[in-house]
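Below is one structure; the comments refer to it alone.
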Amino acid sequence: MASREKDGLRVLCLDGGGVKGLATLQVLKKLEEIHGPLHEIFDVIAGTSTGSLIAAGIAARRLSCADMEAMYEALIPAVFTTGFASKLARAVDKGEFQDSTAVEAALQNEFGECGSLASLGTKPALLVIASKRTDEDSGYAPRVFSSYDKACDVPVWQALRCSTAANFYFQPFQIGDTHYRDGGLVANNPTKEVLRLLLDRDAAATPKIAALVSLGTGSVAAEPAPQPAPRSRPRCTFVATASEATADWSRTTSEHARALAVAASSLPYPGLDVDATHQDVIHLISVLHPTIIAPSRYIRLQPRLDFTVKLDDASRAALDHLIQAGATFADEVLEDLEDIPLS
């Protein structure tokens, strides 16, 4: 444990995407197979929307990927109605395509005994990203429910309900006087918000990051993906390491904290655009290197899908495709997954 703390935190960030979380789980299965139980190899686990369910499954319930896949297979038909006519009728009557009471019951059933975020502790830490309503003019801003926050008495299931309150699909969720929506409105890829939070916790003693793994729920390629050459990493992005000769080794951690605050403030919330977040993270890491994280320690993984899958598509054909596409992708980047420094 001492050597791990010296080397830095291992951080896992999981995108939103509804049922496409099944593709995410196939990649995590392979990571689990290679490196061991995910709650033991990661120090911080964060997620938006469906990613928050997986993050909580790992951090709060210590579930294996096989158990989480079984949970998804049970949750999807319980939460998502497949008939267009029934969804349209509900939209007209209730203002939502799906049943918010059904998702709340499912979340309480799966996570009701996990307690509050504060009660979970930080081994590993759980971060759940939602969107909070600020006012009618400014719209929504990120809200990170964090187990680092000892005052966060929000039950885990309620934080997950906030993070998964997708526009049009479910009603917003209210805690106190604040209305919350799906975290995807501001950060469907939560990686940038996680960096901000880790830095904001204690700018004078920001921990080093040994590995930052960002995992998407799958996207459809604009054109057929080329056959990968050996070790070419066509679908797994490892950001190239900056040269030590050109790195500014004189900057202190606090200076990096201020630099990040300035850089982050100039970047708009990318919302559903997970690739825009990826580019923002590359920029922020260039600011933070070398004190906090080296560019080579940031890994972005995005499975390839053959066709677009809507977040509430509960058809067997869609679910089977997500499972197959995620597993195929995991096999294609096997060597890259083995190289991630998680031990």
Inset, instruction - Evaluate the side chain to side chain contact (heavy atoms under 4.5 Å, CB included) criterion for residues Leu195 and Leu212: first the C-alpha distance (whole Å), next the side-chain angles of each, then the deciding distance (0.1 Å), finally the verdict. - result: CA-CA 9 Å; Leu195 282 174; Leu212 176 58; 4.2 Å; yes
Inset, instruction - Run the numbers on Phe42 and Ile58 for side chain to side chain contact (heavy atoms under 4.5 Å, CB included), then give the verdict. - result: CA-CA 10 Å; Phe42 286 103; Ile58 300 169; over 6 Å; no
Inset, instruction - Check step by step if salt bridge (charged side-chain N to carboxylate O under 4.0 Å, His left out) holds for Arg61 and Glu113. - result: CA-CA 9 Å; Arg61 294 189 59 191; Glu113 296 183 2; over 6 Å; no
Inset, instruction - Test Ser219 against Arg304 for side chain to side chain donor-acceptor pair (under 3.5 Å), laying out the working first. - result: CA-CA 5 Å; Ser219 64; Arg304 296 297 185 192; 3.3 Å; yes
Legend entry - Worked verdict on Leu38 versus Cys65 for side chain to side chain contact (heavy atoms under 4.5 Å, CB included): CA-CA 9 Å; Leu38 300 181; Cys65 290; 3.7 Å; yes
Inset, instruction - Just do the salt bridge (charged side-chain N to carboxylate O under 4.0 Å, His left out) check on Lys29 and Glu32 with the steps written out, would you? - result: CA-CA 5 Å; Lys29 271 186 182 179; Glu32 182 182 63; over 6 Å; no
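When side chains are defined from C-beta on, Thr178 does not count as touching Arg133, because their heavy atoms never get closer than 4.5 Å. The side-chain heavy atoms of Arg297 and Lys208, taken from C-beta on, include no pair separated by under 4.5 Å. Between Pro190 and Leu127, every side-chain heavy-atom pair lies at or beyond the 4.5 Å cut-off. Contact of the Leu12 side chain with the Val44 side chain is not registered, since no non-hydrogen atoms from C-beta on lie closer than 4.5 Å. Annotation: side chain of Leu197 is in contact with side chain of Tyr148 (closest heavy-atom distance under 4.5 Å). By the 4.5 Å heavy-atom criterion applied to side chains, Val11 and Ile45 are not counted as neighbours. Using a 4.5 Å heavy-atom cutoff, the side chains of Lys30 and Asp331 are in contact. Counting only heavy atoms from C-beta outward, the side chains of Asp312 and Ile76 never approach each other to under 4.5 Å.
When atom types are taken as modelled, the side chain of His321 and the backbone of Asp306 share a donor-acceptor pair closer than 3.5 angstrom. Side-chain atoms of Lys132 never come within 3.5 Å of backbone atoms of Arg143 as a donor-acceptor pair (strictly under, hydrogens ignored). Judged by distance alone, with hydrogens and angles left aside, the side-chain atoms of Glu40 form no donor-acceptor pair with the main-chain N or O of Gly36 at under 3.5 Å. In this structure, Thr48 contributes its side chain and Gly51 its backbone to no donor-acceptor pair below 3.5 Å. Thr328 places a side-chain N or O within donor-acceptor distance of the main-chain N or O of Gln324, the cut-off being under 3.5 Å. Using modelled atom types, one side-chain atom of His35 and one backbone atom of Leu337 make a donor-acceptor pair closer than 3.5 Å. Here the side chain of Arg181 pairs no donor or acceptor atom with the backbone of His179 at under 3.5 angstrom. At least one donor-acceptor pair under 3.5 Å links the side chain of Asn188 to the backbone N or O of Gly16. Looking at Asp43, its side chain never comes within 3.5 Å of a backbone N or O of Leu9 through a donor-acceptor pair. Within the 3.5 Å criterion, the main-chain N or O of Arg300 finds no donor-acceptor partner in the side chain of Ser214.
A side-chain donor-acceptor contact under 3.5 Å links Asp67 and Ser64. A donor and an acceptor atom, one from each side chain of Asp15 and Thr217, are nowhere located under 3.5 Å apart. Judged by distance alone, the side chains of Tyr180 and Ser163 never bring a donor and an acceptor atom under 3.5 Å apart.
With rounding to the nearest 0.5 Å, the separation of CG in Leu14 from OG1 in Thr50 is 9.0 Å. Of the inter-residue distances, the one linking Ser315 atom OG with Phe80 atom CZ reads 12.5 Å to the nearest 0.5 angstrom. Between Leu53 atom CG and Leu63 atom CG the span is 11.5 Å, to the nearest 0.5 Å. The CD1 atom of Ile299 sits 9.5 Å away from atom CG of Asp336, with the distance rounded to the nearest 0.5 Å. Note that the CD atom of Glu73 and the CD1 atom of Ile323 stand 5.0 Å from one another [nearest 0.5 Å]. For the atom pair CG of Leu311 and NZ of Lys20, the computed distance is 8.5 Å after rounding to the nearest 0.5 Å.
Ring-plane geometry between Tyr298 and His278 is classed as tilted, the angle between the planes lying from 30 to 60 degrees on a 0 to 90 degree scale.
The environment of Glu338 atom CD is dense: over 12 non-hydrogen atoms of other residues, nucleotides or ligands sit within 6.0 angstrom.
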